[in-house]
Amino acid sequence: MSDITENEIPSNFIKDIIDEDLRIGRFNKVHTRFPPEPNGYLHIGHAKSICLNFGLAEEYGGKTNLRFDDTNPAKEDVEYVESIKEDVKWLGFDWEDRLYFASDYFNTLYDYAIKLIKKGKAYVDSSTYEIIKEERGVPSKPGVESKYRTRTTEENLELFTKMKNGEFDDGEHVLRAMIDMTSPNMNLRDPILYRIRHAEHHRTGNEWCIYPMYDWAHGQSDSIEGITHSICTLEFENHRPLYNWFIEELEIHHPRQIEFARWNLDYTVMSKRKLLKLVEDNYVTGWDDPRMPTISGYRRRGYTPESIRNFANSGGVAKREIIIEITRLENSIREDLNKKAMRVMAVLNPIKVELTNYPISQVEELDAVNNPEDESMGKRKVPFSRELYIDANDFQEIPHKKFHRLSPGKEVRLRYAYIIKCEEVIKDSEGNIEKLLCTYDIDTKSGSGKSDKKVKGTIHWVSAKHALNAEVRLYDRLFNVPNPDGDKAVDFIEHLNPDSLEVLTNSMVEPYLKNAKPGERFQFERLGYYCVDSKDSTDEKLVFNRTVTLRDSWAKIEKQNSR
RNA sequence: AGUCCCAUGGUGUAAUGGUAGCACCGCAGCUUUUGGAGCUGCUUGUCUAGGUUCGAAUCCUGGUGGGACUGCCA
């Protein structure tokens with residue numbers, strides 16, 4: 001059992017840096033931000049960043065902003081803005097009144113650009129895309145300076161103003177910082193600050209036709225917001241010298257950028273481009289498909305915010321590439337739901353059982369414990385009668401030697417009820433099992449203490465005439481290899497798990513579930529955790545999603561034996 | 001190849017010059033009216049070669065291995 005409580009971040013190198021900054025007085029507070037681009041839904045990797053940024057600020061008594069880095073109108077959309085806000089909230093974090101957009105700063109950013117031009121540190125380049133690319137060179141070889149680099153300040157100012165005023169077409173000119181075309185750091189080879197895009201922005205509409213590049217907008221946005229610690233992923237390490245250059249030339253507040261390694265999960269893909277492809281090409285039903293590694297997918301799948309936070313906070317931060325085992329996430333939700341989820345009985349693949357010595361019209365209301373981990377959750381009544389359903393895989397006609405469940409002539413306990421014995425297997429003309437004829441031992445009623453008979457197995461069941469029909473969606477991993485995008489020669493789509501979803505329409509659940517509400521989570525005893533689907537479940541037809549199975553040592557025995 | 005970054009069991013992380021610890025996985029056992037949960041035990045690790053030091057996972061140097069950078073994306 002981990003002694004890391006929720007939201008508490010274990011010691012790590014970022015906290016060491018913050019401690020030092022506070023100690024030497026570089027900053028006297030901690031103010032972080034979570035800066036997504038609204039061009040897709042948040043995924044589990046973002047959850048790590050969210051928990052880190054909000055968690056760190058909380059721990060140091062500071063604040064966290066939510067800021068959308070919306071500098072590319074072509075890819076961004078309000079749908080994504082709304083989904084991101086919902087997901088951050090659902091995870092349990094509050095940006096209060098600090099909801100910002102990089103587009104809020106377009107005017108300031110423009111003024112900053114003018115300042116740079118006036119300092120002789122930025123110029124308008126009228127070269128083509130191809131020329132600029134060619135002149136930039138490659139990392140191991142210096143680039144060459146553009147022939148437009150020597151334009152006068154007046155000329156630059158005039159051209160830039162015209163760019164802003166819409167007097168040019170897309171791509172005709174760009175504004176570039178004047179730094180060093182021979183720098184071994186590509187980001188310092190006169191990076192582009194503004195490009196012309198006659199496109200409608202989701203917030204600024206058609207007010208602008210020049211848009212700042214991310215590199216020009218991001219660091220200054222942090223600065224404008226008074227961010228002290230800009231936590232970002234490793235790929236921006238090489239950008240830090242550039243951000244520092246901007247901040248110093250502009251003489252504005254200087255946040256400290258700290259990079260950490262993004263989280264990858266095995267058996268999943270995380271890039272927004274790939275997730276978008278899964279959605280657009282209908283490999284999944286949407287961004288919130290329960291198989292997606294998105295926050296909304298996990299939410300619909302039945303994950304709790306606590307389980308995701310615990311998962312994120314229990315992992316630490318590093319600077320090397322890491323691939324987390326998905327079993328850790330699965331373990332995290334099991335751990336949470338084990339303590340919280342009400343237990344019920346559900347029979348996924350029913351076979352009928354008739355208790356031949358049970359009175360025909362008798363019904364008993366048996367006591368069932370709602371959660372053995374939490375007595376305060378109480379008990380409920382479960383109806384028991386002559387005709388029952390049990391799960392098909394709890395019966396083996398020719399039992400495996402370690403099989404502790406029902407088979408001909410053998411006894412098994414029905415959970416909360418009686419020990420029964422299988423007397424006869426009734427089959428149809430094709431040899432399929434139609435019904436099991438069993439007898440029950442009246443002295444073995446749960447809690448009665450009349451018999452000290454012991455059996456090795458206990459199985460779940462539902463009363464046939466009381467059970468409710470339900471659809472159950474069994475979700476499994478979306479990919480069947482640990483690293484679906486590991487091989488550049490093979491499309492990740494090839495690695496999709498064809499069995500990632502199995503739909504069962506004839507499942508039977510105990511009557512207690514009649515009033516189960518969308519999103520409500522249960523443990524189906526001996527099977528796993530399931531939640532009521534928030535979109536498709538109705539009063540007439542319950543639909544359950546399997547969140548995760550219980551740990552299954554029987555499956556291991558079976559697997560070992562088949563080898 | 002140029003610059004930058006990184007390297008602790010299978011995985012993920014601690015140890016901040018002083019006994020390499022924890023969690024997950026795995027294995028064995030106990031317990032159990034969920035083959036769940038819980039409990040106990042076990043296996044497995046400091047990339048490498050030097051140096052500094054009484055003492056190095058930690059500091060220094062070289063090597064090896066991995067990653068990032070060559071969008072008018074973020």
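Reminder, nothing fancy here: chain letters follow the sequence lines and each chain counts from 1.
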Going 5' to 3' through nucleotides 26-33 of chain B, assign each nucleotide B (protein heavy atom under 4.0 Å from a base atom), S (under 4.0 Å only from sugar-phosphate atoms) or - (no protein heavy atom that close). SS-----B

Would you jot down, in residue-number order, the residues of residues 189-198 of chain A having a non-hydrogen atom under 4.0 Å from RNA chain B? I192(A), R195(A), R197(A)

For residues 124-137 of chain A, pull every pair meeting salt bridge (charged side-chain N to carboxylate O under 4.0 Å, His left out), keeping only residues two or more places apart or in separate chains. D125(A)-R176(A)

Given a 3.5 Å cut-off on both pairing distances, which stems involving RNA chain B, each at least three consecutive Watson-Crick or G-U pairs, are present, if any? B:2-7 with B:64-69, B:10-13 with B:21-24, B:26-30 with B:38-42, B:47-51 with B:59-63

Short of 4.0 Å, heavy atom to strand atom, which residues of residues 166-176 of chain A count as contacting RNA chain B? G171(A), V174(A)

Readout for nucleotides 42-47 of chain B: B = base within 4.0 Å of protein heavy atom, S = sugar-phosphate only, - = neither; 5' to 3' it is ------

Separation between the P atoms of C4(B) and A23(B), rounded to whole Å: 40 Å

Of the residues in residues 212-219 of chain A, which ones touch RNA chain B at a heavy-atom distance under 4.0 Å? M213(A), Y214(A)

Rounded to whole angstroms, how far apart are CD on E330(A) and C1' on C24(B)? 12 Å

How should the glycosidic conformation of G71(B) be described, syn or anti, under the criterion that syn lies within 90° of 0? syn

Below 4.0 angstrom, which residues in residues 371-380 of chain A have at least one non-hydrogen atom near RNA chain B? P372(A), E373(A)

Quantified in whole Å, what is the C1' atom distance between nucleotide A20(B) and nucleotide U46(B)? 8 Å

All N/O pairs under 3.5 Å across the protein-nucleotides 11-20 of chain B interface:
from, atom 1, to, atom 2, distance (Å)
U11(B), O4', E325(A), OE2, 3.2
U11(B), O3', I323(A), O, 3.3
G12(B), OP1, I323(A), N, 3.2
G12(B), OP1, I323(A), O, 3.4
G12(B), O2', G315(A), O, 3.3
G12(B), O2', R328(A), NH1, 3.2
U13(B), OP2, R320(A), NH2, 2.6
U13(B), O5', G315(A), O, 3.3
A14(B), OP1, S11(A), O, 3.0
A15(B), OP1, S11(A), OG, 3.4
U16(B), N3, D16(A), OD2, 3.4
U16(B), O4, D16(A), OD1, 3.2
U16(B), O4, D16(A), OD2, 2.9

With sequence neighbours excluded, tell me which residues meet salt bridge (Lys or Arg N to Asp or Glu O under 4.0 Å) with R189(A). none

Give one of base, sugar-phosphate or nothing for S127(A), where a contact means two heavy atoms less than 4.0 Å apart. base

Which pairs pass ring-ring contact (aromatic ring centres under 6.0 Å, His included) with one or both residues in residues 314-340 of chain A, sequence neighbours excluded? none

G2(B) and C72(B): how far apart are their C1' atoms, nearest whole angstrom? 25 Å

Walk along nucleotides 56-61 of chain B from 5' to 3' and tag each nucleotide B, S or - by protein heavy-atom contact under 4.0 Å, base first, then sugar-phosphate. ------

